[in-house]
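Below, chains carry the letters A, B, ... as their sequence lines are ordered, and counting in each starts from 1.
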Amino acid sequence: MTRHLITSAIPYINGIKHLGNLVGSQLPADLYARYQRGRGNEVMFLCATDEHGTPAELAAAKAGKPVAEYCAEMHEVQARIAEGFRLSFDHFGRSSSPQNQKLTQHFAGRLAEAGLIREVSEKQVFSNADGRFLPDRYIEGTCPNCGYDKARGDQCENCTKQLDPTDLIDPRSAISGSTDLEVRETKHLYLCQSKMKDQLEEWIDTREGWPILTTSIAKKWLNDGDGLQDRGITRDLDWGVPVKRGEEDWPGMEGKVFYVWFDAPIEYIAAAQEWVDAGKGTDWERWWRTDKGADDVRYTQFMGKDNVPFHTLSFPATILGSGEPWKLVDYVKSFNYLNYDGGQFSTSQGRGVFMDQALEILPADYWRWWLLSHAPESSDSEFTWENFQASVNKDLADVLGNFVSRVTKFCRSKFGEEVPTGGALGAREAQLIADIAAQVRAYEGHMDAIEVRKAAAALRAAWVLGNEYLQDAAPWSTFKENPEQAAAQIRLALNLIPLYAVLSAPFIPDASAALLEAMGVETDGWPADMETALSRLAPGHAFTVPETLFAKITDDQREDWATRFSGLRD
RNA sequence: GGGCCUGUAGCUCAAUUGGUUAGAGCAGAGCGCUCAUAACGCUUUGGUUGGGGGUUCAAGUCCCUCCGGGCCUACCA
């Protein structure tokens, strides 16, 4: 038995995430966690909400609530939706937790002692009307290059020129529109990533089998221009982890907080502490401290491509720089983006289908299946209602759902609602068992390698084997001359159902549970020997014909939804 | 501007890392079956691998160039 630590990139707090966010991190992480649990391995699957930073403050202000209250509410909203999608977190934490606060301050202290933090005095734009420093992209003005009047302080979206906020003509706050801006001197802490460049590069170079997407982004940041740059890890904000050096105050840093991308990954560790403090477990260090049992843990991270630099460079720099025996990630699985019907999903613009809306119109399994079987692994992929309808109807309703329906209903009409007795398995049955065994091995191989789309295809191929067998065996024919033979055939076919349920559970957990319940069995582990697995339902075992597993999506529904989700969310 | 990824059948994707005749699913066509959610099975049509050039006994794969799509570029997270 191996032990798997699995984390999903933590979703930002300022609203409900869309399907593109879901498929890029939480959903494949859940697939892998469920699979490893299914294989009998010990799993710690952690996620959390990422709650600090300027956008959270602004979203709270817009909602007219104190930021702490806003975050607490939104955390509950996201947690509830995650349950709706059956995301099986062992703990869904909060980056604003006391545990994370303390741990973040601890890491900062260790890094400072190791000489990996330096203070930098810099000039930043302060808005008197807003009472806050403004991040570059929250400053708008006229582009000195092309004259575009809504250029942002970091870059002009019209001519793509890189800008400095002080370059802008007639600068104003993007928050309030105020032009009462001034440049102030402020001091910040920088993490000396540049000192760790060689160490990080050697580490990345020795990782094997990482996705191209992951390593190419990491290498780009390591070697682009002057190489890996030091990164500011503090901000002039109210909402965040107060800057401290371990438990000590940090002279000159009063009133400042750590930058979200410093404290957010640390929450992966803190979430395990929260898990203990919530009474769900007793020992988090055996997952995170290599001196306390975590050296045999396999740690896998899931994230969208925009998060790769933080997970391959900044967070490892934090861990390595601490000089303490924290567990480093073993495999970084990254995803491209999912587009929506010819354009991008957009949280800020409200474009696409959001997680809450998705659950309002269809059960989680439909979304899980489509999203995972079309996961954007090799390049960006696209959601269209036509493709969604066709895939779900064919794969879930026709191939799997109808298989279950035809087997159970045939049995009920000829033998009653119990597994029939008599007859013996022949050559065709031996062939089916061998084919299934081979298909399951292929499926396991893809799941072990976290090849999500390939795993989905292999699973579907296993479902197809059942339909092929029925066509060949034709129990409706053999029943006429040799009912005993038909009994043996249908007994084997019935036995495919709990097998499919166990294999399919990582993708479609609700349907799997419904199948097991209908067949009157509990999960009893991953199938090892296929002959044993396919004789689990003994003659005489009672079952019930399940309700329609997957109703088809009609053309009317598809058109209705395509229209409903064609515009922007308010 | 720089860098990275990507372009394969009408659609969504493969191709053991340079090695037989480029494969699946869906859609289309034909046949079969009648247990089943008009479902299932079998057969089949369909490709100058974006264009052009090069290296090689051999190129979807490597190199150059052009065209298209996307992402990143460090203060959104």
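- The separation between Phe479(A) atom CZ and A36(B) atom C1' is 16 Å, rounded to whole Å.
- Of the candidates U37(B), A77(B), C4(B), the closest approach to any side-chain atom of Trp261(A) belongs to A77(B).
- Nearest nucleotide to the side chain of Glu122(A), out of C75(B), G32(B), A15(B): C75(B).
- The two residues Ile117(A) and Ala108(A) come nearest to each other via the heavy atoms CD1-O, 3.6 Å.
- Using the Watson-Crick or G-U wobble rule with both distances under 3.5 Å, C13(B) pairs with G23(B).
- Across all strands, Leu213(A) comes closer than 4.0 Å to no nucleic acid atom at all (heavy-atom distances).
- Across every strand in view, G1(B) sits in a pair with U73(B) that passes the Watson-Crick or G-U test at under 3.5 angstrom.
- Closest to the Asn467(A) side chain, of the nucleotides U37(B), G3(B), G41(B), is G41(B).
- Distances were taken from every side-chain heavy atom of Gln229(A) (C-beta onward) to each of A74(B), U34(B), A39(B); the shortest belongs to A74(B).
- Using a 4.5 Å cut-off on side-chain heavy atoms (C-beta onward), Leu396(A) and Leu549(A) make no contact.
- Atom NZ in Lys305(A) sits roughly 7 Å away from atom C1' in C5(B) (whole-Å rounding).
- Nucleotides C11(B) and G28(B), compared at atom P, are 15 Å apart to the nearest Å.
- With hydrogens and angles left out, the side chain of Glu382(A) and the base of C11(B) share no donor-acceptor pair within 3.5 Å.
- Rounding to whole angstrom units, CD1 of residue Ile497(A) and C1' of A36(B) are separated by 12 Å.
- No engagement by Pro475(A) is indicated, since no non-hydrogen atom pair under 4.0 Å with the nucleic acid exists.
- The C1' atoms of G30(B) and U49(B) are separated by 29 Å, rounded to the nearest whole Å.
- Counting all heavy atoms, side chain and backbone alike, Ala56(A) lies closest to Val67(A) at O-CG2, 4.0 Å.
- For the pair His374(A) NE2 and C26(B) P, the interatomic distance rounds to 12 Å; values are reported in whole Å.
- Between Phe403(A) and Tyr469(A), the distance separating the two ring centers is not shorter than 6.0 angstrom.
- Taking atom C1' in both U17(B) and A59(B), the straight-line distance is 13 Å, to the nearest Å.
- Within 4.0 Å of Tyr337(A), counting heavy atoms only, lie sugar-phosphate atoms of the nucleic acid but no base atom.
- Distance check on atom C1': G53(B) versus U12(B) gives 32 Å, rounded to whole Å.
- Counting only heavy atoms from C-beta on, Arg231(A) has its side chain closest to A74(B) among A74(B), A36(B), G41(B).
- The C1' atoms of A58(B) and U20(B) are separated by 11 Å, rounded to the nearest whole Å.
- With a cut-off of 3.5 Å on both Watson-Crick or G-U wobble distances, the partner of U55(B) is given as none.
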(Q) Evaluate Ile553(A) against Phe388(A) for side-chain contact (heavy atoms from CB on, under 4.5 Å), listing each step before the verdict. (A) CA-CA 9 Å; Ile553(A) 296 170; Phe388(A) 178 66; 3.6 Å; yes
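- Closest to the Arg406(A) side chain, of the nucleotides A74(B), C35(B), A77(B), is C35(B).
- Relative to the side chain of Ser477(A), the nucleotides G41(B), C4(B), U34(B) differ in distance, and U34(B) lies closest.
- Residue Ser405(A) places its side chain closer to A36(B) than to any other of A36(B), A15(B), C40(B).
- The pairing partner recorded for G7(B) is C67(B), the criterion being a Watson-Crick or G-U wobble arrangement whose two distances lie under 3.5 angstrom.
- Counting heavy-atom neighbours within 6.0 Å of Glu547(A) CD, excluding the residue itself, gives a total of 12 or less.
- Using modelled atom types and a 3.5 Å distance limit, the side chains of Thr312(A) and Trp221(A) yield no donor-acceptor pair.
- One atom, CH2 of Trp221(A), and another, P of A74(B), lie 7 Å apart when rounded to the nearest Å.
- Between Leu237(A) and Ser413(A), the residue whose closest nucleotide on RNA chain B is further toward the 5' end is Ser413(A).
- For the pair Asp136(A) CG and A77(B) P, the computed distance is 11 Å after rounding to whole Å.
- With P as the reference atom, G47(B) and C42(B) are 24 Å apart, rounded to whole Å.
- Here, A29(B) and A22(B) have their P atoms 27 Å apart, quoted to the whole Å.
- The Gln471(A) side chain lies nearest to G41(B) when the options are G41(B), A39(B), A14(B).
- Here Ser373(A) lies out of heavy-atom contact (under 4.0 Å) with every strand.
- Using the six-membered ring where Trp is involved, His311(A) and Trp261(A) have ring planes that are perpendicular, over 60° apart on the 30 and 60° scheme.
- Ala9(A) and Asn307(A) make their closest contact through CB-ND2, 3.5 Å (heavy atoms, listed as atom of the first residue, atom of the second, distance).
- For G28(B), the paired base is U44(B) (Watson-Crick or G-U wobble, both distances below 3.5 Å).
- Stacking of the aromatic ring of Trp476(A) onto the base of C35(B) is found: the ring centres lie under 5.5 Å apart and the planes are inclined by under 30°.
- Position along RNA chain B of the nearest nucleotide to Glu377(A) versus Lys394(A) favours Glu377(A) as the more 5'-ward residue.
- Atom P of nucleotide A77(B) and atom NZ of Lys17(A) are separated by 12 Å, given to the nearest angstrom.
- For C75(B), its base sits under 3.5 Å from the side chain of Gln124(A) at one donor and acceptor pair at least.
- Taking the C1' atoms as reference points, U56(B) lies 13 Å from U61(B), given to the whole Å.
- Among the heavy atoms of the strands, none lies under 4.0 Å from Val407(A).
- U65(B) has its base anti relative to the sugar, with a glycosidic angle deviating from 0 by more than 90°.
- Asn387(A) places its CG atom 7 Å from the C1' atom of C11(B), with the value rounded to the nearest Å.
- Base contact: Thr548(A) has a heavy atom under 4.0 Å from a base atom.
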